[in-house]
Each structure stands twice: as C-alpha cells, then as structure tokens.
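Notes for the one structure printed next.
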Amino acid sequence: MLKIYNTLSRKTEEFQTLDPGKVRMYVCGVTVYNDAHVGHAMSAIVFDIIRRYLEYRGYEVKHVMNYTDVDDKIINRANQLGEDPLQLSARYIADYANDLKSLNVLPATANPQVSKTMPLIIQFVEGLIEKGHAYPAENGDVYFRVNSDDDYGRLSGRKLEDMQAGARIEIGEQKENPLDFALWKAAKPGEISWDSPWGKGRPGWHIECSAMNLAELGEQIDIHGGGNDLIFPHHENEIAQSECYTGKEFSRYWVHNGMLQLGGEKMSKSLGNIISIKEFLAQRSSDVMRMLVLNGTYRAPLMFNDDTLDAAERNVERLKSTLKPASPSASGLNAGNASTLDMAVESAKTNFTEAMDNDFNTAGAIAVLFELSKSVNTARDNGANADQLQHAQDVFKQLAGVLGLTLEEKKGSSEQEAQVEALIAERTEARQQKNWKRSDEIRDQLKEMGVTIEDSKDGTTWKWS
RNA sequence: GGCGUCGUGGCCAAGUGGUAAGGCAAGGGUCUGCAAAACCCUCAUCACGGGUUCAAAUCCCGUCGACGCCUCCA
C-alpha cells in the first residue's frame with residue numbers, strides 16, 4: 001500500500017485515487033525568463049521519480065507541468081533585451097524542455113501556458129466575482145476576497161488574524177483587505193495585455209494554475225506538487241480560488257519537495273547563488289544529479305556541494321559496476337550460489353517496493369540497489385556466466401530505471417576511441433613482453449586523456465572517467 | 001514575532017516503541033607485474049535535560065541549534 005505525506009494534513013496517508021488506477025498530477029513548473037538552475041532540477045527530478053514509480057505500480061498518470069510565460073519578471077527582462085515577452089518566454093520554454101531531457105526527466109503529459117489559457121482564466125475570474133469571492137477595483141485590478149473563504153490558510157497553517165499584523169497594501173492597490181490578492185492586474189502603459197471585462201490587463205500569478213488545472217485535469221485532482229516555497233502564498237491561493245469556484249475539494253494530496261541548499265542556504269534566483277542546469281551538466285552527469293536527490297528525502301533540504309556530489313558520483317560508478325558483463329571464461333555458478341542470487345533478486349524487488357511505498361523513500365530504494373549490486377558482483381566473482389547474470393541484471397536495470405537512472409557510460413568521438421583502442425593494443429603488447437615501464441607510461445597517458453583502464457584475465461577494459 | 005520542517009558515525013543519509021539500512025571517506029585483507037574495479041573485514045547508541053514505558057533514536061515536556069515560509073521563488 002502506497003503512502004504519501006500530505007502537506008495539507010501534515011500526515012502520511014494511504015494513497016487512494018479519485019478514479020481507480022488513474023492519477024491526475026499537477027506540478028508547478030517554472031517562470032521562463034532565464035536559465036533554470038539545479039534547484040529546479042531537483043524539483044523536476046523528484047516529481048519525475050514519483051511519476052515513474054506510480055507508473056511502475058500500474059497507475060496511468062496524467063502529469064501536467066505548466067509554464068508561467070506571462071509575468072512581471074518576463075516583461076522586465078524582455079524590455080531589457082528589447083524582445084517581445086512571449087518570444088522570450090518561448091525561447092526559455094524550449095530551453096527548459098531541453099534541460100529536462102538532459103536530466104532524463106520524462107516529458108509531462110501536457111505543458112499548458114498562461115498565454116494560451118486566457119479565455120478560461122477570464123471566465124474563472126468572472127465566476128469568482130459572481131459568487132462574491134472576488135471584486136473588481138476602480139483601477140482595473142480584480143482581487144480575491146480572502147474573508148469570503150472560511151478555509152483560507154489551511155494549507156500553510158496560518159490564520160487570517162495572525163497574518164493581518166504584518167500585511168500592508170502597496171501603493172496603487174485598492175484592496176478591501178491587505179491579504180486579498182490579485183486575480184487580474186490592469187496593464188501599465190506599454191505592457192503586454194489581453195482584453196477583459198475589466199479592461200486591458202493580465203492574470204495574477206495564482207489564478208493561472210487554477211485555470212490550467214481545470215483545463216487539463218478537471219475540477220478535482222489527485223496530486224498537486226511543487227517546491228515547499230510555494231506553499232504560501234501560491235498554493236494556498238490556488239486552493240482558495242479553485243475551491244471557491246467549483247465548490248469541491250481541489251487536490252487530494254499536496255506534495256512538496258525540500259529546497260536545494262548551497263552553502264547552507266536555499267539556492268534561488270533572488271539570492272543569486274545559482275548554478276544553472278547547463279553549468280552542472282558541463283561538469284557532471286545527469287545520473288550524479290539524480291543520485292544526489294535519490295540519496296536523500298525529497299521533502300528535506302538537499303545538501304549540494306563538492307563533497308556530496310563526489311559521493312554521488314562514486315555511488316553512480318558503483319551501481320554501474322553491476323552491469324559489467326560476466327567473464328567470457330566463467331565456469332558457471334554452482335547450484336547453491338545460483339539460488340543465492342535468485343533469492344537476492346526476489347528480495348530486492350520486494351524491498352524496493354516496500355521502500356518506495358513508504359512516501360517514496362528513495363534512500364531506502366537506493367540501498368536496495370546497492371545490495372543487489374553486491375549480490376550480482378559477488379556472483380560474477382564466483383564465476384557466474386552471462387546467462388546466470390542476465391535476469392539479475394535485467395531486474396537491476398528495471399529498478400534503476402524506475403528511479404530514472406540511466407547508468408550509461410560516457411562516450412567520446414569515434415576518433416578519440418580509435419586512439420584509445422590503439423594505445424591499449426600497444427599496451428597489451430608491452431604487457432605480454434612484460435615491459436611494465438612502457439605499459440605504465442601508456443596507462444598514465446590514457447589517464448591524462450580521461451580514460452580509466454582495468455586489467456583482468458580476459459583482457460583490458462576501459463571507460464571515460 | 002507567527003507558521004512549518006528538522007537535529008543519527010569524519011561526510012551524505014534510512015530507520016518513528018523492542019537494543020542502529022545503505023553509500024562516501026578511512027584502515028586492514030583477497031585479486032593484480034603494479035594499479036584500477038570488484039569482493040571480505042573494521043568503524044555510531046542516535047543535539048542536550050527531564051518524563052512515560054518491562055523496553056525509546058523512535059512517545060510527551062523543556063532547552064539549545066539549523067533550515068524553509070510569512071515579499072518574487074522549484
């Protein structure tokens with residue numbers, strides 16, 4: 001039985017879908033105005049793992065991830081660059097999709113955009129006004145009336161009274177209550193805008209997600225996800241809008257990932273301590289980023305530094321060792337050892353599911369993979385042949401795949417590889433002549449080229465390091 | 001100040017009542033011409049102080065500390 005921690009109840013609950021066997025999941029995507037960073041990668045990877053595991057468990061998953069392509073920051077950036085805002089955002093949407101692909105994140109089932117959801121957003125706002133949950137102001141803004149929602153604050157555990165104290169109204173706003181938030185913002189001169197019953201303007205930040213949810217997944221969904229920095233106000237406001245509009249419970253489970261930590265604090269655009277996904281991938285593989293995430297708890301802060309990354313890199317290498325082929329000269333496992341391997345495979349499958357069923361305990365799942373890895377490697381050392389390793393390696397690859405690990409080796413150009421092969425051939429000859437000096441020279445040379453070699457009875461193998 | 005998450009070996013980190021998974025690092029072995037990889041062995045009583053219980057890292061109270069949100073943010 002799968003259990004998921006629900007931010008709404010602050011408890012781990014049994015997972016039950018609205019429709020049997022089907023999961024409707026909405027994850028808040030990014031605002032597209034510059035390069036995405038590794039914190040975004042963490043979030044994308046977390047929900048990719050959740051999606052993959054749900055599918056592994058037999059669910060049909062509709063996974064929606066939106067793009068916020070209409071926003072103050074986009075408009076500012078576009079002005080700086082002298083570019084059309086929608087053109088700018090289109091560029092970064094393509095860019096982010098590319099980043100996700102590089103990270104082996106499965107494409108979402110749908111990627112709605114604010115700019116393409118305008119009619120529904122306007123309809124949504126009109127509906128809220130009709131029901132008394134929102135009101136247009138004279139300046140052309142439309143605000144959500146928080147006092148009209150008795151449940152307001154239940155996701156973030158806040159009470160309206162507690163929040164009143166620090167809240168204040170910005171200049172130019174015409175709110176009844178400082179905590180009311182904009183559903184629709186009147187256009188400033190020269191800004192990109194859309195026609196509406198309240199004049200030219202654009203949507204507020206929160207309404208877009210409510211509208212896109214409705215468009216893609218309907219009135220009620222199973223899982224709503226995002227970073228835990230979105231709990232308030234974004235998700236709180238989404239709940240208020242959606243539930244006031246439909247009169248139904250919006251999302252059954254609220255799932256939030258923790259923040260990636262760089263130097264003891266959250267990595268974020270506003271703090272400026274950013275490492276972009278592209279910068280990261282120029283140095284390390286996507287598996288390393290994923291391993292870093294897998295090694296921890298998705299809800300907890302994730303330590304991102306050279307030490308944790310180096311360890312993650314070694315972890316990936318260790319897992320890869322599982323897939324090394326049997327020795328061609330293997331004599332075969334005896335019955336006892338073969339049965340030991342079989343049992344290890346079976347318990348790995350069981351333990352993997354048990355770990356992941358417990359609120360996606362990926363650290364536990366990874367430990368299962370390490371244990372299976374050890375069993376396979378031991379079997380190989382004990383003389384298992386290719387046939388005997390096959391099943392265990394297949395299961396291993398399948399489980400690693402559920403976590404989204406590729407375990408692929410790096411590749412070089414064919415010329416580089418030809419050069420490496422030639423050097424290794426030369427070294428093999430030197431070794432046959434017991435010319436250890438020359439042999440070691442070549443090994444050093446290869447190392448400088450980024451090649452690690454391993455000698456065995458069956459010959460020399462190599463890989464890019 | 002309010003709300004929330006959390007504090008496990010040198011590092012990352014599982015475990016939420018019955019005497020501490022896994023990985024990295026480190027040390028010792030096997031293998032190897034030497035390496036590398038793999039395999040074997042060694043390495044913690046769970047921030048602190050009380051309490052509940054036959055039994056607590058795990059429940060309760062308090063203290064200290066960290067992080068997140070309360071303004072844009074994955």
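A note on names: the letters A, B, ... follow the listed sequences, proteins ahead of strands, and every chain is numbered from 1.
Only the P atoms considered, A20(B) is 14 Å distant from U58(B), to the nearest whole Å. Rounded to the nearest Å, the gap between the C1' atom of G15(B) and that of G9(B) is 15 Å. Only the P atoms considered, G29(B) is 46 Å distant from G65(B), to the nearest whole Å. Taking atom P on both nucleotides, C43(B) is separated from A37(B) by 23 Å, rounded to a whole Å. U16(B) and U30(B) have their C1' atoms separated by 40 Å, with the value rounded to a whole Å. The separation of G68(B) from G27(B), taken at their P atoms, amounts to 36 Å, rounded to a whole angstrom. The gap from the C1' atom of A21(B) to that of U45(B) amounts to 15 Å, rounded to the nearest Å. Between G17(B) and U53(B), the distance separating the two C1' atoms is 9 Å to the nearest Å.
A donor-acceptor contact closer than 3.5 angstrom is absent between the side chains of Ser102(A) and Ser286(A). A donor atom on one side chain and an acceptor atom on the other are not found under 3.5 Å apart for Ser276(A) and His37(A). Between the side chains of Tyr152(A) and Asp150(A), no donor-acceptor pair of N or O atoms lies under 3.5 Å.
At the heavy-atom level, Ser439(A) lies under 4.0 Å from base atoms of the strands shown. Met267(A) comes within 4.0 angstrom of a nucleotide base, judged by non-hydrogen atoms across all strands.
The base of G15(B) has none of its N or O atoms less than 3.5 Å from a complementary donor or acceptor on the side chain of Asn361(A). Under 3.5 Å, the side chain of Asp307(A) and the base of C24(B) form no donor-acceptor pair of N or O atoms. For Arg158(A) against C69(B), a side-chain-to-base donor-acceptor contact under 3.5 Å is present. The base of C34(B) sits with one of its N or O atoms less than 3.5 Å from a complementary donor or acceptor on the side chain of Arg443(A).
Considering only the side chain of Asp440(A), C34(B) comes nearest among C34(B), C40(B), A74(B). Here the nucleotide nearest the side chain of Thr308(A), chosen from C12(B), C40(B), A74(B), is C12(B). The side chain of Arg314(A) lies closest to A38(B) when the candidates are C12(B), A74(B), A38(B). Closest to the side chain of Lys374(A), out of C67(B), C39(B), A74(B), is C39(B). In this structure, the nucleotide among G68(B), C39(B), A21(B) sitting nearest to the side chain of Asp381(A) is C39(B). Checked against C72(B), C67(B), C24(B), the side chain of Pro233(A) finds its nearest nucleotide in C72(B). Listed candidates were C12(B), A38(B), G68(B). Nearest to the side chain of Asn377(A) is A38(B).
Residues Ile221(A) and Met25(A) are not in side-chain contact: their nearest non-hydrogen atoms beyond the backbone lie 4.5 Å or more apart. Looking at heavy atoms from C-beta onward, Tyr26(A) lies out of side-chain contact with Ile223(A) at the 4.5 angstrom threshold. Counting only heavy atoms from C-beta outward, the side chains of Ile75(A) and Asn79(A) approach each other to under 4.5 Å.
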Given protein heavy atoms under 4.0 Å, the one-letter contact record of nucleotides 4-9 of chain B, with B base, S sugar-phosphate only and - none, is simply SS----

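Pairing for A26(B) goes to U42(B), judged as Watson-Crick or G-U wobble with the two contacts each under 3.5 Å. In a base pair of the Watson-Crick type (N1 to N3 plus N6-O4 or O6-N4) or a G-U wobble (N1-O2 and O6-N3), with each distance short of 3.5 Å, U5(B) is matched with A66(B). When both pairing distances are held under 3.5 Å, C31(B) makes no Watson-Crick or G-U pair with any nucleotide shown.
Ion pairing between Asp48(A) and Arg52(A) holds under the 4.0 Å rule for side-chain N and carboxylate O. With salt bridges taken as basic N to acidic carboxylate O contacts below 4.0 Å, one links Glu346(A) and Lys349(A).
When each of Lys324(A) and Lys457(A) is assigned the nucleotide of RNA chain B with its nearest heavy atom, Lys457(A) is the one assigned upstream, toward the 5' end. When each of Phe232(A) and Ala367(A) is assigned the nucleotide of RNA chain B bearing its nearest heavy atom, the one mapping closer to the 5' terminus is Ala367(A).
The nearest whole Å value for the distance from the CG atom in Asn237(A) to the C1' atom in C72(B) is 13 Å. Distance Glu441(A) CD to C34(B) C1': 14 Å, rounded to the nearest Å. As rounded to whole Å, 22 Å separates atom P of A21(B) from atom CE of Met356(A). U71(B) atom C1' lies 11 Å from atom NE2 of His206(A), rounded to whole Å. With rounding to whole Å, Glu454(A) atom CD is found 12 Å from C39(B) atom P. Atom CZ in Phe304(A) sits roughly 18 Å away from atom C1' in A13(B) (whole-Å rounding).
Here Asn295(A) does not reach the OP1 or OP2 of C24(B): none of its side-chain N or O atoms lies under 4.0 Å away. Of the side-chain N and O atoms in Lys266(A), one or more sit less than 4.0 angstrom from OP1 or OP2 of C69(B). Regarding contacts with the backbone of C39(B), a side-chain N or O of Arg318(A) is found under 4.0 angstrom from either OP1 or OP2.
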N/O donor-acceptor pairs under 3.5 Å from side chains in residues 435-442 of chain A, not counting sequence neighbours:
{"residue": "Asn435(A)", "atom": "OD1", "partner": "Arg438(A)", "partner atom": "N", "Å": "3.1"}
{"residue": "Lys437(A)", "atom": "NZ", "partner": "Glu441(A)", "partner atom": "OE2", "Å": "3.3"}
{"residue": "Arg438(A)", "atom": "NE", "partner": "Glu426(A)", "partner atom": "OE2", "Å": "2.9"}
{"residue": "Arg438(A)", "atom": "NH1", "partner": "Glu441(A)", "partner atom": "OE1", "Å": "3.0"}
{"residue": "Arg438(A)", "atom": "NH2", "partner": "Glu426(A)", "partner atom": "OE2", "Å": "2.7"}
{"residue": "Ser439(A)", "atom": "OG", "partner": "Arg427(A)", "partner atom": "NE", "Å": "3.2"}
{"residue": "Asp440(A)", "atom": "OD1", "partner": "Arg443(A)", "partner atom": "NH2", "Å": "3.2"}

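The aromatic rings of Tyr56(A) and Phe352(A) stand perpendicular to each other, their planes meeting at an angle above 60°, with 30° marking the opposite boundary.
Stacking here means ring centres nearer than 5.5 Å and ring planes tilted less than 30 degrees, and by that measure Phe370(A) does not stack onto G22(B).
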